[in-house]
Number of protein chains: 2
Amino acid sequence: MMTQDRPSPKSSTSGYVVGVDIGGTNLRMGLARSNESDPPGTLVASWSASTVGVRYHPDAIIELIRSGLEDLLKQAAVPRSQLKAIAAGAPGITDFETGVVIVTSYLLGWRDVPLRTMLEDTFAVPAAVDNDVNMAALGESWAGVAAGKSDFVFLAIGTGLAAGIFLNGNLFRGSNWTAGEIGYMLLPGLAAEPTARGKPGGLESVLGGEGIKAQWQARWSEAATPLSRDLQPTEIFDHALQDDALANEIVLQSGSLLASAIYNISLVLDCPLFVLGGSVGLHPALGQCAQKVLTGWGTRVQPQLVISSLAADAQLCGAVRQALSIIPLDA
Amino acid sequence: MMTQDRPSPKSSTSGYVVGVDIGGTNLRMGLARSNESDPPGTLVASWSASTVGVRYHPDAIIELIRSGLEDLLKQAAVPRSQLKAIAAGAPGITDFETGVVIVTSYLLGWRDVPLRTMLEDTFAVPAAVDNDVNMAALGESWAGVAAGKSDFVFLAIGTGLAAGIFLNGNLFRGSNWTAGEIGYMLLPGLAAEPTARGKPGGLESVLGGEGIKAQWQARWSEAATPLSRDLQPTEIFDHALQDDALANEIVLQSGSLLASAIYNISLVLDCPLFVLGGSVGLHPALGQCAQKVLTGWGTRVQPQLVISSLAADAQLCGAVRQALSIIPLDA
């Protein structure tokens, strides 16, 4: 479904909004002025807390957000009455119209959580809820490398893999809010059939962080590398930039798979720009390799790959942008 | 690029429009009234001619269209002054805004042909030009099985393979007019890299008509089938419906590949409906097989596959719809 996003932020309101990025390990929040003279993405205060232990319980997440809000208002010496709106990104399939988080991964284990209503009931301001990758795409379109671009795809590559799709200046969310769930894409070299519902997709099992670590470990003993067996994906990529043979092999495999996925998406969408984000996607070795593979193929499809400029802040920034867009006209 | 399509046909104009379907072997034309009381897709006259021998020459195609128009007006006893608009579908990448056919397959071999201008100069009425698969999707959305659907994908499976994408009630054409060029999609079981520019894509080489014939012939001698070695794809599919073992094998391979392609498109677009058209796609055996494969996978992605109801008329019908939409308000 192509939902027309709400109007641009108002220029004259003297108030504040809060953006929330709900993750499997951390919850991050930012306070911003509803003031168009601030550069996009400007935060006047930020806050974060661990979600380990509470992430399975939406009520506990709301309580965490309540603590964070109190702290943010205190940091900035802003009265509670100045809060005009709140928006949260959640790591799962989210009905943007009703504000219900339909399903998340095992990390949170949520099902049909009416998060927008919970936020509105708790904080008595308008709220919006969206998938976290959509929020990140919105952030990049507002204050990042895709600012001013009407058509681009944001690829979040971390533990999993998903795309936030911007078409004609708006997020494209699909008929069942699942547009961009590309972690399950079928590609040469992967299984011929999709993995079962609820399990990680075949592509993200190889291209995601855990997959990259697993590949490294599987080849480590034969490769006779002096490097440790227990490296993080970004450490492996660092060694590739320093020309370690096994690390290069892993990057080439991951970069080729990423190029294939981007190629297939491009065949469907004919989209000129891909923004790479997420802990794995932010590393320059991966994007450079994928771009080189795509260029080498020499096909008509030649999208530009760029690394997110907002990095870990993309989702939070998008949530702030979304909150700014739902401030009521009479606020 | 998501181009806002032009306004709906006017209800009160007393005039006629012509739709043209330019193909590698035939050119087909239809005359329709610009009258909303006619059911969508109603033709008052139709005409066709072979394009063999003339298809390489856009000027010769224009002459063919001129002959067809004369014949159509004569058939319906309509004066030339009653022609209000003309639209043509061409088998290639087409800039809808400028009306230039950028490139077609070897069948026509066109490069940068300003077809809209040529039509307007020749017939002195407003003209529109689009890719033929987009025209077919437009036809299905107006008068076919996708009538009233705002989001669907039309898959043309014939010699080649391409998709016409409808999002939010409009054709989605992409930033470089190549959205839906899925004949090159990378899938398990196919080559790991795209075929070179200008050559048929890896997927269409197997799933398209020539690919299906080639598979049949390659396995024919070993299969000890009583059937002829020289069958058309639809004949092979007919034999599958009658339970011939080799034919079933070919259908299962093609249907599984089609299911994989539809699955990948669905991951990106989250689109609930796929309309199958083209000489190969119209055969019930292929769609039934692909639907069964998708259902068997049991994933969250479960699009509905339906066979085009306009069949070989989809493109012509879409061209008529496009022509109706460009009648000037003062005509």
Taking side chain as everything from C-beta outward and backbone as N, CA, C, O, which of these in Ala191(B) sits under 4.5 Å from a heavy atom of chain A? Side chain, backbone, both or neither.
backbone
One should read off an interatomic distance between Thr299(A) OG1 and Lys199(B) NZ, to the nearest 0.5 angstrom, of 14.5 Å
Applying side chain to side chain contact (heavy atoms under 4.5 Å, CB included) to Arg300(B) and Ile93(A), what does each step give before you reach the verdict?
CA-CA 11 Å; Arg300(B) 179 177 292 278; Ile93(A) 297 168; 3.8 Å; yes
So what's closer than 4.5 Å to chain A heavy atoms on Ala196(B): side chain, backbone, both or neither?
neither
Pick one of side chain, backbone, both or neither for Ala163(A), based on which atoms fall under 4.5 Å of a heavy atom in chain B.
neither
Nearest-0.5 Å distance, OG of residue Ser260(B) to CG of residue Leu186(A)
5.0 Å
Using every non-hydrogen atom in the two residues, find where Trp297(A) and Ala192(B) come nearest and quote the distance to one decimal.
CZ2-O, 4.1 Å
What's the spacing between Glu193(B) CD and Ser256(A) OG if we round to 0.5 Å?
8.0 Å
For residues Ile182(A) and Val268(B), report the shortest heavy-atom separation together with the two atoms involved.
CG2-CG2, 4.2 Å
Say you draw a straight line from CG of Leu269(B) to CZ of Arg173(A); how long is it, rounded to the nearest 0.5 Å?
15.5 Å
Can you tell which part of Tyr184(B) gets under 4.5 Å to a heavy atom of chain A, answering side chain, backbone, both or neither?
both
Minimum-distance pair of heavy atoms, taken over all atoms of Leu167(A) and Phe172(B)
CD2-CZ, 3.8 Å
Please rank Val293(B), Thr195(B), Leu187(B), Leu190(B) by heavy-atom pairs under 4.5 Å with chain A and give me the top one.
Leu187(B)
For the atom pair CD (Glu181(B)) and OG (Ser266(A)), what is the distance rounded to the nearest 0.5 Å?
12.5 Å
Any chance you could measure Ile265(B), atom CD1, to Asn264(A), atom CG, to the nearest 0.5 Å?
9.5 Å
Leading residue by heavy atom contact count with chain A [cutoff under 4.5 Å; candidates Pro194(B), Gly183(B), Pro272(B)]:
Pro194(B)
